[in-house]
2 protein chains.
Amino acid sequence: MKKAAKVEIIIVGNEILTGDILDTNTNWLCKLIYGRGGSVTRVTVIPDELEVVADAVRQSVARKIDILFTSGGLGPTSDDLTLEAVALGTNRETVLHEEALELVRQQYDHFFERGIMKQGGLNPARQKMACLPLGGEPLVNPVGTAPGVLLRVDKTTIISVPGVPSELKGIIEQSLQTFLNEVFGDGEAMSRCVGVMCNDESQLEPVLVQIVEKYPEIYTKSLATTLGENPEMNIIMTISGIGEKQPLLDTAFEELCNGLTGLGFPITLK
Amino acid sequence: MKKAAKVEIIIVGNEILTGDILDTNTNWLCKLIYGRGGSVTRVTVIPDELEVVADAVRQSVARKIDILFTSGGLGPTSDDLTLEAVALGTNRETVLHEEALELVRQQYDHFFERGIMKQGGLNPARQKMACLPLGGEPLVNPVGTAPGVLLRVDKTTIISVPGVPSELKGIIEQSLQTFLNEVFGDGEAMSRCVGVMCNDESQLEPVLVQIVEKYPEIYTKSLATTLGENPEMNIIMTISGIGEKQPLLDTAFEELCNGLTGLGFPITLK
């Protein structure tokens, strides 16, 4: 069986760190990766600073992960420096990429023709978005003007996408499916959920610890919420991989349910 | 003038990395810190794995930041191992803390008396929440059962709080104000915002780059959104520090507005 691909995410953006913007890209990406049988092992949020981003990229690549997503910092303004940082962190130059330049030009012309922008064509700020780390391939952005970039470095494929959520999603859904299919194949996450009439994790612990030890491959989690809000607690069991793991999940889930009822708490399958 | 305190955040939780839960604690903390004149320089999201969390703590402390927040992994179940990891990452043991134990006992008794829980008092899983890294001080949790922990290590104060948002907020708002006042004093973030009738960052770039170079202390950001959704773009200028920075912000903001109207785009003060 294929090993679950390891993925890291670097979110670049001062506006996240000041609290101006709530980052939802991480959650969207995590759902996507986990749902396809992969595993997000780290997310790092850092400011738009060349050396900081370059260093984070360097460290992720050194951990030999399969995919590194970077989100943010691909736009035309001078504080958008993610591509330069990816280049610096992987010891290469940025170069003007003709195909990327054509994509940028086409998008500005397209937005000009639709009356969304007052000026088509290129200018220095727009051209900057087509300067890719050497060896990078542009990914069509169906929503905005900055192409995404796919760059293979050692064992890691670095995917750089804009931080505007619609652009990130647009590029991944439209331009990255072939790559994702290559990496994840028919992987998927399977989960089962049970509600137990007990809001006290400390009483469920003996059963949970037994299940976690016996089935380390399965992610078993009691979802704690504010006490007093709901007398019922949900416990979710998830396994990420390919379909053949279903029987293992079923067995473990049955044991969990038996263990919980054995403690005397009513359960509800969800 | 006091230097802006540097803050890092470590979010511990598999449930964030699988996408089951959208992390909102980061945004809440970033707003709090930035609003009080501090600067969040890094956020790291990692799984509930002892060595991974310990290593992240070690690296944050090595960067000599002022405050490290850890969120998550303080509960009674065996996958909650943040305190053990903080201890490991700062080369110390965990010890049963009598005052913390009393807080835990009181909370369970309290929830029992209110009919929210079926059992008061202590058990091994509950006792675990009172095992603090040596030298740590418990912080009263007004909402749940796990106390927060404040631990001073070298130049860094590590604040560990639960991941349930209401508990994180409860501890910080109720039990951490004295500490925050010590660190931040009367610091605050000030901001000004202008809307410009141009959705094309590449055309605004000449003005933005000039402002950013002239006023490096001020964070100037054009907030890009999905193209075509709104013909107007907001540009926000923020400075974090104490009140005496207001005149600098006013001057820079006036220059920004003059620059934008100079390009021929109508503006709206916000």
Side-chain angles (χ1 to χ4, degrees), chain A residues 14-20 22-24 26-28 30-32 34-35 39-47 75-79 111 114 116-119 123 125-126 143-145 164 166-167 189 198-205 208-209 212 219 221-228 236 238, chain B residues 14-20 22-24 26-28 30-32 34-35 39-47 75-79 111 114 116-119 123 125-126 143-145 164 166-167 189 198-205 208-209 212 219 221-228 236 238:
Chain A
N14 296 339
E15 67 272 36
I16 310 289
L17 294 170
T18 56
D20 282 334
L22 168 72
D23 163 41
T24 56
T26 291
N27 186 250
W28 190 86
C30 285
K31 277 190 174 140
L32 173 82
Y34 197 73
S39 165
V40 178
T41 51
R42 180 180 297 256
V43 181
T44 313
V45 189
I46 42 178
T77 52
S78 59
D79 62 337
F111 286 117
R114 284 173 57 201
I116 290 171
M117 270 192 191
K118 292 212 166 123
Q119 204 177 49
N123 64 27
R126 294 172 178 183
V143 179
T145 54
V164 177
S166 61
E167 299 191 33
C198 171
N199 57 3
D200 178 3
E201 283 184 297
S202 82
Q203 286 194 59
L204 306 178
E205 172 60 6
L208 294 175
V209 77
V212 167
Y219 171 49
K221 178 77 191 170
S222 46
L223 295 174
T225 56
T226 308
L227 278 171
I236 190 164
T238 316
Chain B
N14 297 337
E15 67 273 34
I16 310 290
L17 295 170
T18 56
D20 282 334
L22 169 73
D23 163 40
T24 56
T26 292
N27 185 252
W28 191 85
C30 285
K31 277 189 173 140
L32 173 82
Y34 197 72
S39 164
V40 178
T41 50
R42 180 180 298 256
V43 181
T44 313
V45 189
I46 43 178
T77 54
S78 59
D79 62 336
F111 285 119
R114 284 173 60 201
I116 290 171
M117 270 191 193
K118 292 212 166 120
Q119 205 176 47
N123 64 27
R126 293 172 178 181
V143 180
T145 55
V164 176
S166 60
E167 300 192 32
C198 170
N199 57 3
D200 179 3
E201 283 184 298
S202 81
Q203 286 193 59
L204 307 178
E205 173 59 6
L208 292 175
V209 78
V212 167
Y219 171 48
K221 177 78 191 170
S222 47
L223 294 174
T225 55
T226 307
L227 278 171
I236 189 164
T238 317

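Below, read A as the first sequence line, B as the second, and so on, with proteins coming before strands; counting in each chain starts at 1. Keep in mind that this is a model prediction, so the values were computed, not measured.
Comparing A:T77, A:V164, A:T24, A:L32 by heavy-atom pairs within less than 4.5 Å of chain B, the highest count is held by A:T77. Contact count against chain A (heavy-atom pairs under 4.5 Å) is highest for B:L17 among B:I16, B:L17, B:T145. Looking only at heavy-atom pairs under 4.5 Å with chain A, the residue among B:T26, B:I116, B:D200, B:V143 that has the most is B:D200. Ranking B:R114, B:Q203, B:K118 against chain A, the residue ahead of the rest is B:Q203, based on heavy-atom pairs under 4.5 Å.
Taken to the nearest 0.5 Å, the OH atom of A:Y219 stands 6.5 Å off from the CG atom of B:D20. Rounding to the nearest 0.5 Å places OG1 of A:T18 at 7.5 Å from CD1 of B:I236.
Closest heavy-atom contact between A:P76 and B:S202: CG-N, 3.7 Å. In terms of heavy-atom proximity, B:G19 sits nearest to A:K31 at O-CE, 3.3 Å. Scanning all heavy atoms of the two residues, the minimum distance from B:D23 to A:L22 falls at O-CD1, 3.8 Å.
Taking the side chain as every heavy atom from C-beta outward, B:R126 and A:E201 never approach each other to under 4.5 Å.
A:D79 has a carboxylate O that lies under 4.0 Å from a charged side-chain N of B:K221, or vice versa, which qualifies the two as a salt bridge.
Contacts of A:N123 with chain B are made by side-chain atoms alone, with heavy-atom separations under 4.5 Å and no backbone atom involved. Proximity to chain A is absent for every atom of B:S39, based on heavy atoms less than 4.5 angstrom apart. Residue contact with chain B, scored on non-hydrogen atoms closer than 4.5 Å, involves the backbone of A:T41 exclusively. Proximity to chain A (any heavy atom under 4.5 Å) is shown, for B:S78, by both the backbone and the side chain. At a 4.5 Å heavy-atom cutoff, the contact between B:L208 and chain A is made by side-chain atoms alone. Both the backbone and the side chain of B:N199 come within contact range of chain A, each with at least one heavy atom under 4.5 Å from a heavy atom of that chain.
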